[in-house]
K.L.:
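Please read through the structure below; I'll follow up with questions.
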Protein chains: 4
Amino acid sequence: MERQARRAQVLYHAKRLFALQGYHRTNISDIVAQARIARGTFYLYFQNKKELFEELLNEALREISARIHRIRLGPNEPSPAQQLRDNIVRVLDFVLAERELTDILLNHAYDLDRDFDGRIRNFYAHIIEQIQRSLELGIKMNLVRPCDTRTVAICILGGVKEVAAQTLAEPHPDVNQLAEQILDFGLRGVATEELLRAAPGRTLEKPH
Amino acid sequence: MERQARRAQVLYHAKRLFALQGYHRTNISDIVAQARIARGTFYLYFQNKKELFEELLNEALREISARIHRIRLGPNEPSPAQQLRDNIVRVLDFVLAERELTDILLNHAYDLDRDFDGRIRNFYAHIIEQIQRSLELGIKMNLVRPCDTRTVAICILGGVKEVAAQTLAEPHPDVNQLAEQILDFGLRGVATEELLRAAPGRTLEKPH
Amino acid sequence: MERQARRAQVLYHAKRLFALQGYHRTNISDIVAQARIARGTFYLYFQNKKELFEELLNEALREISARIHRIRLGPNEPSPAQQLRDNIVRVLDFVLAERELTDILLNHAYDLDRDFDGRIRNFYAHIIEQIQRSLELGIKMNLVRPCDTRTVAICILGGVKEVAAQTLAEPHPDVNQLAEQILDFGLRGVATEELLRAAPGRTLEKPH
Amino acid sequence: MERQARRAQVLYHAKRLFALQGYHRTNISDIVAQARIARGTFYLYFQNKKELFEELLNEALREISARIHRIRLGPNEPSPAQQLRDNIVRVLDFVLAERELTDILLNHAYDLDRDFDGRIRNFYAHIIEQIQRSLELGIKMNLVRPCDTRTVAICILGGVKEVAAQTLAEPHPDVNQLAEQILDFGLRGVATEELLRAAPGRTLEKPH
DNA sequence: GATGAATGAGAATTCATTCAT
DNA sequence: GATGAATGAATTCTCATTCAT
């Protein structure tokens, strides 16, 4: 457990440095200086620089994945729109709680290693698929207008990513307000006209 | 002109390598090997690796900027929606025509240099402002529903960026179809309900 | 202390190489080979080659400066001639004790860097001024004949420098004998005729 | 002959550059740029950079050698002191007429090549011998007091060298005045007391 | 002869990683 | 475990010299 604490200490400082300067501009000297450990000690806890970075990146991927829940249908479930809203809020909460990790994921996770790039690509591809499935479900339920679900899913992902990226720079963003704007924009973008007509108000949700 | 041809040759090969492997994994040795020139020859045409990369990046930024036209209003102008569509098509045309440059811009332009990161941030910030101004104009014209124009602008930029990024991987994407989907999604996302009701068809444009 | 020992080791070998081959013909490879350390180790102790050289040169300048004492007048002080003799002996002692440093200073300290050349020029300019002041004092005391003290001071400096340079090549020079010759030549060169007449012997000093 | 003119042109510019910046800081690019010839053209006239430098240096050595005449005794010859004065004046005239060559010889002729250093050492050794022989002749003639002629010769050479070096920096030095000071200092430094007593005036020459 | 683009050996420096203490 | 000095492969960049036109 002591071991875990040391690892965590190093990870903490490395995370800050990577977020601030990126992978290549951050060297082992910087990390051990910040973590106040000896150069050699670093290698007692991590195989190498890449492994450390990978661990941070994995944490980000894992955490974000965990915050995106599959849309569940059922009488006791919140409305799909509410579930989407919850997903967005959870992701943005993570973005703010872990600005450094997010920064690393969005801005510094490329240019490392071939299989690394692949992993991130897969991660996003997976999210795109999830969104796509939701859209297809929505179409079946007549909530979503027919469209090229893949392209629209990509647009939605891109929108969230860019909001996340831009949000990093802001001191005290209002997550709920951001989520609302994203949701409103996205839902209107995909809603059937019937749905829009039925629910002209601000929160665009299926009437019960 | 001879000089320009040589430069172009080196730029061509460097571009491919940067797109394939990123900035840090591409070293001068790789570039000169691909371009089939001697080590020293490289330095006759470029001060250093960074300058070469900068030149490529600048080309991408310049070209994309040039393809995003400001929305013009007037009796002889195409409809705003058509102008947006044209912008998207022009940008996606560039993405396909210069997949490598796009790849570099989207995936490998970070983690280089402090002032570099800044330049790219400015580039996107500028585009966000442009979109935001268009949205505000649309609101005044009652084409766009009131909303947090900055957040929505960020969503739109993100959508286009992500489509561009995903499109890079596809062999023969249909640019018009992609543009149509983006436009449709985006316009519905921001349209006033009045406008939506008036134009229920697929192409969401203001009726004349 | 360990650190200082390593530095000293590298300095020692670098000094020998610089004396033997000069600055430009001595490269880092030579130095690390002689010092039997790895390439990178060099940079743990010195920023770069120039800094190392500078350190050696500074030592030479400092040491020589320290050995040239200002002429003191007073009832308990040795005669001015004796003080001059002591200065010369101390400098020549250094020359022999640190042949390599002297060689570097006299023969290899040019052609490096602009500000470097300046530093050495200042060093000699300072010594010329010191000699000049002594001569002027001597004139006031009627020990030295009136003359262009600056030019004569330059002659004296040049004489000592050249003796030092030539002495480097000799295996077992007699420092006292050399000093005596320099002193005798220099003093007679500047002495008033009155003084010469009063002290016709070998050691040309003011009679008490 | 055209060929000689071209060579001279290149030599002229190279000389200025070498004097200004030294051998190592002056590169072929600088020289051909100043001489307004193409890179390759340089090698039509000179084997390489070193040969060019060597040629300049040889000119300096040759010219200075030529200006140092052996002391001739005889009824129709000027006095030895006058001959010495003439030697000094000729050398200083050269110093001023060819400041750049002198600068090169005094400040930038080391650190090139092993055999180069040797050549310069020989040059000075030769001059020292000449002076030494003059001194020995003087001793025989009872003009010069007995002394370690080699050390004194070195002092004399050093004096002249240093005056030459310092003179380079001055805008309009008075060569005759400098020569007079050097001569006066040097002659008094070596004169027999008998000679000094016989000729107490300023110009220390053997009475006829 | 003249040109200047091309060459490539060589030099300095960095930095992730190892290993003796 | 902890340390930090040592390592050396890898990389960038320079510049005297060559050579096809």
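Lettering follows sequence order; numbering is per chain, from 1.
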K.L.:
Rounding to an integer number of Å, can you tell me how far C:Leu112 CG sits from E:dA12 P?
P.N.:
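That distance rounds to 13 Å.
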
K.L.:
Taking CZ from A:Phe42 and C1' from F:dG1, how many angstroms apart are they, rounded to a whole number?
P.N.:
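In whole Å, F:dG1 C1' and A:Phe42 CZ are 17 Å from each other.
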
K.L.:
To the nearest angstrom, how far is D:Gln9 atom CD from E:dG1 atom P?
P.N.:
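These atoms are roughly 14 Å apart.
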
K.L.:
Below 4.0 angstrom from OP1 or OP2 of E:dT17, is there any side-chain N or O of A:Tyr43?
P.N.:
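Result: yes.
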
K.L.:
Which part of the nucleic acid, if any, lies within reach of B:Ile28 when heavy atoms closer than 4.0 Å are counted: base, sugar-phosphate only, or nothing?
P.N.:
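Sugar-phosphate contact only - B:Ile28 comes under 4.0 Å of backbone atoms but never of a base.
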
K.L.:
Would you please confirm or rule out a distance under 4.0 Å between OP1 or OP2 of F:dT11 and any side-chain N or O of B:Asn27?
P.N.:
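For B:Asn27, the contact criterion (side-chain N or O under 4.0 Å from OP1 or OP2 of F:dT11) is met.
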
K.L.:
Are OP1 or OP2 of E:dT3 and a side-chain N or O of D:Thr41 less than 4.0 angstrom apart?
P.N.:
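Yes, because at least one side-chain N or O of D:Thr41 sits under 4.0 Å from OP1 or OP2 of E:dT3.
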
K.L.:
Please confirm whether D:Lys49 makes a cation-pi placement over D:Tyr23, using NZ or CZ under 6.0 Å from the six-membered ring centre and within 45° of the ring normal.
P.N.:
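Yes; both conditions hold, so D:Lys49 lies above the ring face of D:Tyr23.
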
K.L.:
As an exercise, state the distance from CZ of B:Arg7 to CD of B:Glu55, rounded to the nearest 0.5 Å.
P.N.:
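Reported to 0.5 Å precision, the distance equals 4.0 Å.
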
K.L.:
With respect to the phosphate group of E:dG1, does any side-chain polar atom (N or O) of D:Arg3 fall under 4.0 Å of OP1 or OP2?
P.N.:
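So the side chain of D:Arg3 is within the cut-off, an N or O lying under 4.0 Å from OP1 or OP2 of E:dG1.
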
K.L.:
Does the ring centre of B:Tyr110 sit less than 6.0 Å away from the ring centre of A:Tyr110?
P.N.:
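Ring-ring flag for A:Tyr110/B:Tyr110: false, centres at least 6.0 Å apart.
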
K.L.:
Taking any heavy-atom pair under 4.0 Å as a contact, classify A:Phe46: base, sugar-phosphate, or nothing.
P.N.:
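No contact.
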
K.L.:
Under 4.0 Å: is that the gap between some side-chain N or O of B:Arg6 and OP1 or OP2 of E:dA6?
P.N.:
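For E:dA6, OP1/OP2 do have a side-chain N/O of B:Arg6 under 4.0 Å.
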
K.L.:
Rounding to a whole Å, what distance do you find between C:Arg39:CZ and E:dC15:P?
P.N.:
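Interatomic distance, CZ of C:Arg39 to P of E:dC15: 16 Å.
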
